[in-house]
Enquirer: 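Sharing a structure below in structure tokens format, with a few things to ask.
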Amino acid sequence: MISDQMLKLVNGSSAIRAMFEEGKKLAAIYGAENVYDYSLGNPSVEPPLEVKKAIYHILETEEPNLIHGYPNNSGFEDVRQAVAEHLNKKFGTAFSFENIVMTNGAAAALNIIFKCILNPGDEIITFAPFFTEYRNYAANYNATLTVVPANLETFEVNFDEFEKLITPRTRGVLINTPNNPSGVVYSEETIKKIAAVMEKKQAEFGTDIYLISDEPYRELVYENIEVPYVSKYYKNTFVAYSFSKSLSLPGERIGYLVANSEMADFEKMMYALNVANRVCGFVNANSLFQRVVPYCLDCKVDIEIYNRNRIDLYNKLTELGFKCVKPVGAFYMFPETPIEDDVAFCNAAKEFNLLLVPGSGFGCKGHMRLSYCVSHDTIINSFPAFEKLAAKFIK
Ligand SMILES: Cc1ncc(COP(=O)(O)O)c(C=O)c1O
């Protein structure tokens with residue numbers, strides 16, 4: 001029999017699954033090219049050529065037992081050192097391999113951090129709109145996710161609410177910038193203000209509150225926007241990074257986490273993370289792709305392809321009267337739905353073969369998420385469908 005806890009998750013994820021099934025049905029009837037699927041965050045841009053070259057080079061030159069064997073749970077030491085040096089060069093930090101754990105993407109990084117810091121009943125705070133899986137990750141460790149309501153005009157942090165929601169049970173504050181689903185990037189000023197609130201609350205409650213920065217979209221930014229490196233602003237900081245989007249490798253499950261040396265119980269924490277990687281069932285990050293990492297640290301996908309989609313889709317939607325905070329990072333946009341009921345609106349969009357995800361799942365009713373990691377043809381060909389949708393709902 002399936003556990004009650006799992007049944008809750010299965011029922012909770014049925015909306016996304018229904019959307020996926022719906023997409024398949026529509027594609028069978030109308031042809032895949034006539035269905036405009038904006039539902040999934042699967043990168044559409046090819047990985048950089050360096051990835052393929054690195055794989056061939058490694059297979060030809062390195063020991064098979066090294067490539068395919070179990071490494072240390074925290075990852076190969078030389079790979080972790082290469083990551084640390086890359087970060088130091090880029091951000092002026094002072095990391096060594098000891099600050100880094102290689103992980104199966106950002107999802108695993110977040111899960112092992114949660115495993116290490118959460119007791120049942122503890123709280124993680126995040127900001128709406130947020131990546132839907134956060135609730136499940138917190139539930140994995142019998143913790144709760146507390147959501148700071150969104151500032152709907154900007155999707156910036158609502159500081160008054162944030163401060164009020166921190167309690168003695170708050171163990172972590174989880175931020176995601178560039179953000180899925182809004183595409184917003186927090187400025188240095190915002191990060192400093194978040195850090196200041198957290199310092200104050202740590203002192204007030206006498207607790208450790210960790211700042212956890214989920215950064216799979218760090219490299220996907222437009223308009224010369226800078227993404228501040230959060231470790232510099234707050235001692236108890238973890239960064240969860242991933243190559244899923246920066247190198248278009250989501251199926252390879254490769255990323256890493258960075259923990260600040262200045263954090264509480266640093267050495268014990270690193271050992272705990274090493275053990276967590278094993279006991280959560282990941283054991284270690286994919287070893288071939290760990291070996292690929294040092295060759296590709298300075299590479300990223302051609303983000304101009306996403307940028308063109310971003311500009312064309314944003315211009316079209318706003319021209320049609322949709323209200324939307326302009327995204328400057330990641331590959332999502334999060335416009336308001338013209339009617340309050342976002343689920344009903346996304347259902348109505350299916351009539352025009354448009355697959356959009358209701359904002360409710362991201363903690364923001366009255367919105368919809370569009371993943372513009374699709375072909376440019378899909379963007380352009382979907383315009384008549386958006387015109388019909390707007391004609392029906394926007395007066
Ligand atoms: C905000 C956010 N965090 C984490 C993840 C998980 O990414 P990964 O493939 O690195 O585990 C995703 C994936 O879409 C995401 O959007």
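In this text, all values refer to a predicted model and were calculated from it rather than measured experimentally. Heads up: numbering here begins at 1 and tracks the sequence. Each ligand, and each atom within it, is numbered from 1 in the order the structure gives.
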Enquirer: Could an N or O of ligand 1 be found under 3.5 Å from any N or O of Ala106, whether backbone or side chain?
Expert: yes
Enquirer: Any donor-acceptor pair under 3.5 Å linking the side chain of His57 with the backbone of Ile55?
Expert: no
Enquirer: Please check: side-chain N/O of Asn72 versus main-chain N/O of Glu77, any donor-acceptor pairing under 3.5 Å?
Expert: no
Enquirer: Heavy-atom distance to atom 12 (C) of ligand 1: which of Tyr134, Tyr137, Phe243, Phe131 wins?
Expert: Phe131
Enquirer: Any N or O on Asn104 sitting closer than 3.5 Å to an N or O of ligand 1?
Expert: no
Enquirer: Look at atom 6 (C) of ligand 1 and say which protein heavy atom is nearest, naming residue and atom and giving the distance to 0.1 Å.
Expert: Ala107 N, 4.0 Å
Enquirer: List ligand 1 atoms under 4.0 Å from Gly105, heavy atoms only on the residue side.
Expert: 10 (O), 11 (O)
Enquirer: Could Glu161 and Lys164 be called an ion pair, given the rule that one side-chain N must be under 4.0 Å from one carboxylate O?
Expert: yes
Enquirer: Out of Tyr314, Tyr38, Tyr36, which one pairs with Phe386 under the ring pair (Phe, Tyr, Trp, His ring centres under 6.0 Å) rule?
Expert: Tyr38
Enquirer: Taking 4.0 angstrom as the limit and counting only heavy atoms of Ser244, give me the atoms of ligand 1 inside it, by number and element.
Expert: 8 (P), 9 (O), 10 (O)
Enquirer: Inspect the surroundings of CG in Asn315 and state if more than 12 heavy atoms from other residues, nucleotides or ligands are less than 6.0 Å away.
Expert: yes
Enquirer: Considering only protein heavy atoms, which is closest to atom 13 (C) of ligand 1, and at what distance to one decimal place?
Expert: Lys245 NZ, 3.5 Å
Enquirer: Determine the interplanar angle of the Tyr137 and Tyr134 rings, folded into 0 to 90°, and report it as parallel if under 30°, tilted if 30 to 60°, perpendicular if over 60°.
Expert: tilted
Enquirer: Classify the ring geometry between Tyr222 and Tyr372 as parallel (under 30°), tilted (30 to 60°) or perpendicular (over 60°).
Expert: tilted
Enquirer: At under 4.0 Å between heavy atoms, is it the side chain or the backbone of Pro216 that contacts ligand 1, or both, or neither?
Expert: side chain
Enquirer: Considering only NZ, NE, NH1 and NH2 on the basic side and carboxylate oxygens on the acidic side, decide whether Glu189 and Lys192 come within less than 4.0 Å.
Expert: no
Enquirer: I need the atoms of ligand 1 closer than 4.0 Å to a non-hydrogen atom of Asn176, numbered in the order shown.
Expert: 1 (C)
Enquirer: How far is atom 11 (O) of ligand 1 from the closest protein heavy atom, and which atom is that?
Expert: Arg253 NH2, 2.7 Å
Enquirer: Looking at atom 10 (O) of ligand 1, what's its closest protein heavy atom, distance included?
Expert: Ser242 OG, 2.6 Å
Enquirer: Could you identify the single nearest non-hydrogen protein atom to atom 3 (N) of ligand 1 and state the distance to 0.1 Å?
Expert: Asp214 OD2, 2.5 Å
Enquirer: Do Arg369 and Asp342 meet the salt-bridge criterion of a basic N to acidic O distance under 4.0 Å?
Expert: no
Enquirer: Write out the residue and atom name of the closest protein heavy atom to atom 16 (O) of ligand 1, then the distance separating them to 0.1 Å.
Expert: Tyr217 OH, 2.6 Å
